[in-house]
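Here's the structure we're looking at; comments come further down.
All values derive from a computational prediction rather than experimental measurement. Worth knowing before you read on, the calculation uses all heavy atoms, side chains too, and leaves out hydrogens, waters and symmetry mates. Lettering of chains follows the sequences in order, A, B, ..., and the numbering in each one begins at 1.
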Amino acid sequence: MSRKQKAKSPTPGASKSARDSRASTPDSSTWPSAGASGVDDQDELETTEGSDELSRLIANNVERFDIADFPYTLRPGLTDMASSYFQPAYKRDFTALALKPDHENLPMWIDGWGKIILENFHWQAPRVQDFLITVAEPTSRPTFMHEYKLTIHSLYAAVSVGLSPKDVVTTLERFSKNGLPPNIAQFITECGRSYGKVKLVLRNTKYFLETTDKALLQQLLRDPEISVCRVQGTEATRTSAPTMAGLTIAGTKEAAGGEARGLYSLLNDDDDDADDGDATHAFEIKDDKVSAVAARCLALHYPALEEYDFRNDNVNPDLEIDLRPATQIRSYQERCLSKMFGNGRAKSGIIVLPCGAGKTLVGITAACTIKKGIVVLATGSMSAIQWRDEFIKWTNIDPSSISIFSSDQKTPFTGATGVIVTTYSMVTNTRNRAHDSAKMMEFLASREWGLMLLDEVHVVPAQMFRRVIGSIKAHSKLGLTATLLREDKKIDDLNYLIGPKLYEANWMELSQQGHIARVQCAEVWCPMPTEFYDAYLHASPRSRTLFCAMNPRKFQACQYLIKYHESWGDKIIVFSDNVYALEVYARRMMKPFLYGGTSLSERQEVLNYFCNSPDCSTLFLSKIGDTSLDLTEATVLIQVSAQYGSRRQEAQRLGRVLRAKRRNEEGFNAFFYSLVSKDTVEMVYSSKRQVFLVDQGYAFRVITQLKNIEKTPDLAFATPEARRELLQKMLVESESSSWKKEEEKEAAGLLADGNMFYSRGGKPGRKGPRAPRRTAGTLGELSGGQDMAYVEQNKSANKLLKGKKKAPQNDFFRAMAREKDRRKKL
DNA sequence: CAGGGCACAG
DNA sequence: TGGTCTGTGCCCTG
């Protein structure tokens, strides 16, 4: 395949940073040497340059297999004269996709752009569903029609669970109503030629590069970069591919081999299985060169799949861990695990399950299957504690061999091996460490781990967090998440950082089976009173969000909904990202509220109160509720203000009510309300946020008028006077809570120009030190000593006097300076 | 040992 | 040279 000049075609999925660095690559033909240069100095420490290098390699790979390189061409003469006038419409021209005679018996279509449509109501649909999840990316799965897309990542995942490109092509061909477009077949074959060919296997602490393709083996051996990494004289050929035989995943009903066959049952009746060379060729690689080889394989467009032959690992000590006999894992969890252990080895990859569907148990079961040292990475210390508790709850592990490594607990386990639960920031921390935590890190880095469990894996692509991959030696990695989504494009990097997506559950299906709660979603449109709308229109974009959140009609709607649901005995959570609005709402309604500033003990107290007391059925939460608060009591969720268009946040919030304890009651329904100020930016954001959930099959109902709201007694802000008062109060309070007095005066005058809430007056954009938290009023605040410009100048003047180099005032420059320092040290 | 400082994520 | 705010975690200090 000739590489096209890609300048014009945007690469789907290439991260921004990757694209930037690619721009500096003069010519794609230089990649082999460029790929190698960064690798060596990356060896033991994952530096920033190292990960940039990685991003570049990833981008290179993604770019090579752009589906646009396999253009779909219509048969000549089929297009009519008119269609050329509707340019974008040519993509919708399916005239060349002739229906098969027996199309009524077949459940899906596939077009020339890799899009697959499945009739989910078709009697054949259940047969292909599992197959499609494996080979294609589910993009939208409402009730009746499912939409999938073939991408390189999905095909990568497919080959990694053991499907051959040929299998994929024949199966697609067999089940589609129309013939498989030739360019798609070509695309699949081409991807298969490269992906999944090379495996990096660890056997008995020795790393082997393994392939079934003899020619490829020769090519790898000849490669100058790789040949220096290999241990001479270790080429070996084994006659049979690894199988699932004899491996049982704990907690499953039967030997997992049976389940695995279920997946392939579609294929086996053809032929295959025996002919495409069961012999695997392998050679050993030096231990310290593993990452170099992996990077090199990526550069050669043969990304190496990491596999861990844990049953033949006799060097790392076994861990005494088993699921408690009573635990039975659910069918979909079993399916996840059968993908992971498909050929009897542990593969690295990502499993996507909705919140509350038992991600933790999947991770724990995987741990029980591998039975080696386990590292669990969690996002926060709270969730680390939860992981430990879950381990103890589900398994018979000796509590002394499981330990937490976070800032407040640093004791390693005592035995030969065990489970360590830690946080991302603990591992990635680059600054000076406390003595014992440094020792602990050394411990973590010095030994080999059987499995690394990455909780909330969607955070890993962040610049800092991706270091964990480099600094801990784990033979297999399992990422768990509910929302494999980021608003930036870095999510695709996970394919190479961790592994392909092994399984993605269907939310609707799970909720039909009663594993997660049924949810009614609604978007409530709240009109803005004229005086507010007026102020809103004149406000700067920044303060507009506050106006939206503080819309009195929204407040009334919220009040109404709370009253309504409280009368039904529901437990309600109200989310507001805007802390100021949160406080006003909660105080006004006399309800407890939690935000980042509330102390840990207070949080616990409030949560207990909410969960256990019947007098308290409503709780107000800021962003802290998005993650890691376990609120199984909640059944209704009201969203007052949110973070722009973050789909992840929306999904995660919905997840709060999915695990409702009462979900199995007859006819139980959870509710999710999103309050939106009419005719404001919120409308746009709201629709963006919902995309993910809509794709999962949730229907959002739009409510423009709440029934009998005007007849409800005691609504706040019912009169224009009250609303005006609110407007005034908003002004004064939001000013005085953060900013100094002088600016209050200015701000009052700034009403017309809309800068009133978060402007600091003076020079716009001068970044001062962060304003103190509202909980902790400082003396300086009281004395009005917060003149930003003054403080700022003084600070830098002090720095100068001290003889240090002038500290940059901006985050960006500070980061640059830090980076420079770090490099100097290395 | 609580809270400020700092760094980072989203 | 520029997005802002909020939340979280870790380290250090009074």
Side-chain angles (χ1 to χ4, degrees), chain A residues 377-385 404-410 422-438 440-441 456 458-467 483 485-488 490-491 540-546 549 575-583 594-601 603 621-629 641-650 652 734 737-738 755 757-760 763-780 795 807-819 822:
Chain A
L377 287 155
T379 42
S381 56
M382 275 308 286
S383 114
I385 292 169
I404 294 184
F405 171 39
S406 68
S407 65
D408 37 320
Q409 293 177 61
K410 297 191 181 74
T422 179
T423 63
Y424 286 104
S425 50
M426 206 67 218
V427 179
T428 53
N429 194 358
T430 47
R431 286 170 304 141
N432 304 338
R433 293 171 194 279
H435 176 67
D436 42 357
S437 89
M440 194 68 183
M441 257 317 286
E456 310 293 344
H458 53 264
V459 302
V460 172
Q463 199 58 45
M464 272 298 134
F465 284 173
R466 67 163 61 179
R467 286 162 190 257
T483 48
L485 277 177
R486 290 172 69 93
E487 298 309 317
D488 57 16
K490 286 184 185 165
I491 213 74
S540 71
R542 234 180 289 141
S543 33
R544 283 184 171 191
T545 53
L546 184 57
F575 275 107
S576 164
D577 262 26
N578 188 310
V579 179
Y580 175 73
L582 178 83
E583 194 174 337
L594 288 182
Y595 70 109
T598 44
S599 70
L600 274 172
S601 55
R603 274 183 214 188
L621 290 177
S622 74
K623 273 198 295 217
I624 66 171
D626 287 359
T627 48
S628 78
L629 273 185
S641 86
Q643 199 183 293
Y644 302 101
S646 167
R647 293 167 292 166
R648 183 196 51 80
Q649 193 186 37
E650 188 98 340
Q652 239 155 20
S734 67
S737 64
S738 311
N755 249 341
F757 288 111
Y758 288 113
S759 94
R760 285 166 190 182
K763 265 203 166 112
R766 160 84 78 174
K767 175 145 180 147
R770 189 149 129 191
R773 291 212 160 128
R774 284 199 189 84
T775 37
T778 61
L779 212 59
K795 254 193 185 164
Q809 303 178 4
N810 168 269
D811 281 348
F812 174 76
F813 285 107
R814 261 198 306 225
M816 291 295 283
R818 218 170 36 238
E819 199 54 44
R822 204 181 291 152

*Of all the nucleotides listed (B:dA9, C:dG7, C:dC10), which has the minimum atom distance to the side chain of A:I624?*
C:dG7
*How long is the line joining CG of A:L621 and C1' of C:dT8, in whole Å?*
16 Å
*Side-chain N or O of A:S622 less than 4.0 angstrom from OP1 or OP2 on C:dG7?*
yes
*In whole angstrom, give the distance that lies between atom CD of A:Q649 and atom P of B:dG10.*
12 Å
*Give a yes/no answer on whether the side chain of A:R648 brings an N or O atom under 4.0 Å of OP1 or OP2 in B:dG10.*
no
*Quickly work out the A:R603 CZ to C:dT6 C1' distance and round it to whole Å.*
12 Å
_Of the options C:dC10, C:dG7, B:dG10, whose atoms approach the side-chain atoms of A:V459 most closely?_
B:dG10
_Electrostatic pair A:E487:A:R647 at N-O distance under 4.0 angstrom_ = yes
_Residue A:T423, side-chain atoms from C-beta onward, closest of C:dG9, B:dG10, C:dT6_ = C:dG9
*For A:R647, which contact category applies under a 4.0 Å heavy-atom criterion: base, sugar-phosphate, or nothing?*
nothing
*Do A:S646 side-chain atoms and A:Q643 backbone N/O form a donor-acceptor pair below 3.5 Å?*
no
*Grab the CG-C1' distance between A:L377 and C:dT8 for me, whole Å please.*
16 Å
*Ignoring backbone atoms, establish whether A:S381 has a side-chain N or O less than 4.0 Å from OP1 or OP2 of C:dG9.*
yes
*Check salt bridge (Lys or Arg N to Asp or Glu O under 4.0 Å) between A:R486 and all other residues, then give those that pass, not counting sequence neighbours.*
A:D488
*C:dT8, C:dT6, C:dC10: which one has an atom nearest the side-chain heavy atoms of A:K623?*
C:dT6
*Closest-nucleotide 5' rank along DNA chain B - winner of A:Q643 and A:S599*: A:S599
*Which whole-number value in Å describes the distance from A:H458 NE2 to B:dG10 P?*
7 Å
*Contact summary for A:N578 and A:S641, nearest pair of heavy atoms*: N-OG, 3.2 Å
*Separation of A:I385 atom CD1 from C:dT8 atom P, in whole Å?*
14 Å
*asked:* Using the side chain to side chain contact (heavy atoms under 4.5 Å, CB included) criterion, which residues pair with A:A642? Sequence neighbours excluded.
replied: A:Q639, A:Q649, A:R653, A:R689
_Between P of C:dG9 and CE of A:M440, the distance in whole Å_ = 18 Å
_What is the distance, to the nearest angstrom, from the CD atom on A:E487 to the C1' atom on B:dG10?_
10 Å
